[in-house]
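Just the heavy atoms: all of them, side chains too, but no hydrogens, waters or symmetry mates, feed the values below.
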Amino acid sequence: MNALTIFLGVIGPMQVILIIAIVVLLFGGKKIPELMKGIGTGIKEFKNAAKDDQPANSKKEEEAKEKE
């Protein structure tokens, strides 16, 4: 077993419902879509940055594949 499973235990449906209820209480129903949009934007920016950070040879190969 990995350390995270030992630390958290098995997360069941009741725990997930409890976590969602706490998040709704803390942030309110109107803020949650804004938070999710921010997380999505952050993930998209991270992927773009990771793609831009590839070596030059890999970029050339990808551009060649896209042109085909």
Side-chain angles (χ1 to χ4, degrees):
M1 290 171 58
N2 68 27
L4 186 59
T5 304
I6 293 170
F7 179 71
L8 292 176
V10 178
I11 298 178
M14 288 304 295
Q15 288 84 0
V16 172
I17 292 170
L18 181 64
I19 291 169
I20 291 171
I22 291 171
V23 169
V24 169
L25 287 174
L26 288 175
F27 296 108
K30 294 182 180 181
K31 286 283 186 181
I32 293 175
E34 293 174 21
L35 289 171
M36 294 298 116
K37 183 178 179 182
I39 291 171
T41 303
I43 291 172
K44 184 185 279 188
E45 288 177 10
F46 178 78
K47 286 182 179 180
N48 288 338
K51 187 183 277 188
D52 291 341
D53 207 24
Q54 293 177 349
N57 291 339
S58 297
K59 287 183 183 178
K60 289 178 183 176
E61 290 174 6
E62 282 186 15
E63 288 175 359
K65 288 180 182 178
E66 290 176 2
K67 289 181 182 178
E68 292 176 359

Give a yes or no on whether Ile17 and Val23 share a hydrophobic cluster (residues Ile, Leu, Val, Met, Phe, Trp, Tyr; joining criterion: side-chain heavy atoms under 4.5 Å apart). no
Hits for salt bridge (Lys or Arg N to Asp or Glu O under 4.0 Å) against Glu34, two or more places apart or cross-chain, chain-then-number order -> Lys31
Once you round to the nearest 0.5 Å, how far does CD1 of Ile43 lie from CG of Asn48? 12.0 Å
Please tell me if the side chains of Met14 and Leu18 come closer than 4.5 Å, counting only heavy atoms from C-beta onward. no
Excluding sequence neighbours, so at least two apart, what forms side chain to side chain contact (heavy atoms under 4.5 Å, CB included) with Leu25? none
Separation between CD1 (Ile20) and CD1 (Ile32), nearest 0.5 Å, reads 9.0 Å
Give, for atom CZ of Phe46 and atom NZ of Lys51, the distance between the pair rounded to the nearest 0.5 Å. 13.5 Å
